[in-house]
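These numbers were taken from a predicted model, which means no experiment stands behind them. Each ligand, and each atom within it, is numbered from 1 in the order the structure gives. Worth knowing before you read on, the calculation uses all heavy atoms, side chains too, and leaves out hydrogens, waters and symmetry mates. Counting from 1, the numbers follow the sequence of the chain as shown.
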Amino acid sequence: MRGAEHRGTVASYIPPLASVPVAKFGLAVVMADGSVHAAGDAEEAFSIQSISKVFALTLALGAVGDQLWNRVGREPSGSAFNSIVQLETEHGIPRNPFINAGAIVVCDVLLGRLQPREAIGQMLRFVRELAGDDTISIDEIVARAEQETGFRNIALANYMRAFGNIHGEVDLVLGTYFHFCALAMSCRQLAMAGRFLMGDGRVDGHRVVTGKRARRINAVMMSCGHYDNSGDFAYRIGLPGKSGVGGGILAVAPGIASIAVWSPGLNEAGNSHLGQMALERLVQRTGWSVFEPRG
Ligand code: GLN
């Protein structure tokens, strides 16, 4: 991208992410009228990683409603995505569903009613339906690599189990979590899947969530979607967004557009460096912001 001094650093904790070329860049914008604008590598599937936490949260709220908030908070953590520090003083209750600990609890909640295979199937059906695209899949190589190297996540899950906030078998909960992280989607598919958050919770006349729930998921994305970088993202971009270490970001301009951007180089907080820059330029040019006075 013109004006960018560097592209950030590609995640290196697993080989399938480390081998993604840093030069990749894609952007897709789905407007409220259904029109799609795509550029660069917008059709290439990448590992959505923590962006899946948005879809997992939506499924868990659908399953247990507001009871979910007894087991996970909705405050920004101010810490890294895989941090364990707050869990001790906060009795195994993660700050929010968008850090790893919180998403692991969300998986455990889903497994309260489903077997791991069913929960993974439900997730796959959900994102396929949201995106209107049956070709979306889970990258088993990524899932396996996550499992083999996920010592921090294993520690987080066991630690929360010790506090009684993981009810199921740690291995099964993590297996589900790792498969969610391993969802592979293109910018176009991701932007399409985010449509339910830009309106009243409906997609193509079909209700996914209530309008109130869509607004609340957006609120959590705005305050917690970029870990300890969330305040900066809100300041610079002014839209709810969720990032993943694969370099993707899903952002929502309520009433206007669902946006997905992908560039695998990350900043120190594990968020796409160029992805954030691209979103910043997009909102500067369009004026899109949830803080824009209307009316
Ligand atoms: N698979 C990664 C992990 O669990 C996801 C983290 C992320 O995308 N920030 O560590």
For ligand 1, list all ligand N or O to protein N or O distances below 3.5 Å, rounded to 0.1 Å.
unit_1   : atom_1 : unit_2 : atom_2 : d
ligand 1 : 1 (N)  : Y13    : OH     : 3.1
ligand 1 : 1 (N)  : Q49    : OE1    : 2.5
ligand 1 : 1 (N)  : E146   : OE1    : 2.8
ligand 1 : 1 (N)  : E146   : OE2    : 3.2
ligand 1 : 4 (O)  : N100   : ND2    : 3.1
ligand 1 : 4 (O)  : N153   : ND2    : 2.9
ligand 1 : 4 (O)  : Y177   : OH     : 2.7
ligand 1 : 8 (O)  : S50    : N      : 3.1
ligand 1 : 8 (O)  : S50    : OG     : 2.6
ligand 1 : 8 (O)  : V245   : N      : 2.8
ligand 1 : 9 (N)  : S50    : OG     : 3.0
ligand 1 : 9 (N)  : Y227   : OH     : 2.8
ligand 1 : 10 (O) : N100   : ND2    : 3.1

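Residues L111 and Q115 fail the side-chain proximity criterion, which asks for heavy atoms closer than 4.5 Å. Side-chain contact check for V261 versus S272: every heavy-atom pair is 4.5 Å or farther apart.
V127 is connected to I217 through a chain of hydrophobic side-chain contacts under 4.5 Å among Ile, Leu, Val, Met, Phe, Trp and Tyr, so both are in one cluster.
Ionic pairing of D108 and R161 is not present here: no N-O contact between side-chain nitrogen and carboxylate oxygen is shorter than 4.0 angstrom.
Residue pairs that meet the side chain to side chain donor-acceptor pair (under 3.5 Å) test with at least one member in residues 220-242, sequence neighbours left out, are S50-Y227, Y227-K242, N229-N267, N229-N271, N229-Q276, D232-R236, R236-Q276, R236-E280.
Across R207 and D200, no two heavy atoms sit closer than the pair NH1-O, 3.1 Å.
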